[in-house]
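Please read the structure below before turning to the comments.
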Amino acid sequence: MTHVGNCIRKAQERSGISSKEMCEHFGVVRQQLHRWHKAEDMRLSKVYMFAEFFDMTLPEFLSMDK
């Protein structure tokens, strides 16, 4: 099973986007970003949102956990 939070963290590291930049882009506080990083699963719409943000296809984004 893919851990979506790991995908977010690894995609963020690979793209060099800071947590502050992500928070500003999504209009959330750091605590919300922390929850996303810890999330094992989430709604498909959110997963698509992150894949698009990191300019990846859905399979590319989900493979970040491998």
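Since we're looking at a predicted model, the values are computed, not measured.
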Taking only residues two or more places apart in sequence, or in another chain, which ones meet F54 in a ring pair (Phe, Tyr, Trp, His ring centres under 6.0 Å)? none
Check the surroundings of atom CZ in F26: do more than 12 heavy atoms from other residues, nucleotides or ligands lie under 6.0 Å from it? yes
I want to check something: taking the side chain as every heavy atom from C-beta on, are F53 and M22 in contact at a cut-off of under 4.5 Å? yes
Just verifying a value: how many Å separate C23 SG and I17 CD1, rounded to the nearest 0.5 Å? 12.0 Å
Return yes if some donor-acceptor pair links the side-chain N/O of E40 with the main-chain N/O of H3 below 3.5 Å, else return no. no
Nearest-0.5 Å distance that lies between atom CG in L33 and atom NZ in K38: 11.5 Å
Could you tell me whether K20 atom NZ has more than 12 heavy atoms of other residues or ligands within 6.0 Å of it? no
L62 and T2: which non-hydrogen atoms are nearest, and at how many Å? O-CG2, 3.5 Å
Starting at OG of S15, measure out to NZ of K10 and round the result to the nearest 0.5 Å. 14.0 Å
Given 3.5 Å as the limit, does a donor-acceptor pair link the side chain of E60 with the main chain of T57, or not? yes
In this structure, CE of M56 is separated from OG of S63 (nearest 0.5 Å) by 7.5 Å
Take Q12 and S19 through the side chain to side chain contact (heavy atoms under 4.5 Å, CB included) test and state the conclusion after the steps. CA-CA 8 Å; Q12 185 180 350; S19 293; 3.2 Å; yes
Do F50 and M42 come close enough that some side-chain heavy atom pair is under 4.5 Å? yes
In one Ile/Leu/Val/Met/Phe/Trp/Tyr side-chain cluster, 4.5 Å: L44, M64: yes
Kindly compute the distance separating CG (D65) from CD1 (I8), expressed to the nearest 0.5 Å. 11.0 Å
Could you measure the distance from the SG atom of C7 to the NE2 atom of H37? Nearest 0.5 Å is fine. 11.0 Å
Give the C-alpha distance, both sets of side-chain angles, the deciding distance and a yes or no for side-chain hydrogen bond (donor to acceptor under 3.5 Å, both in side chains) between R35 and Q32. CA-CA 5 Å; R35 282 186 220 111; Q32 180 59 52; 2.7 Å; yes
Quick one: does E21's side chain have a donor or acceptor within less than 3.5 Å of a partner on S18's backbone? yes
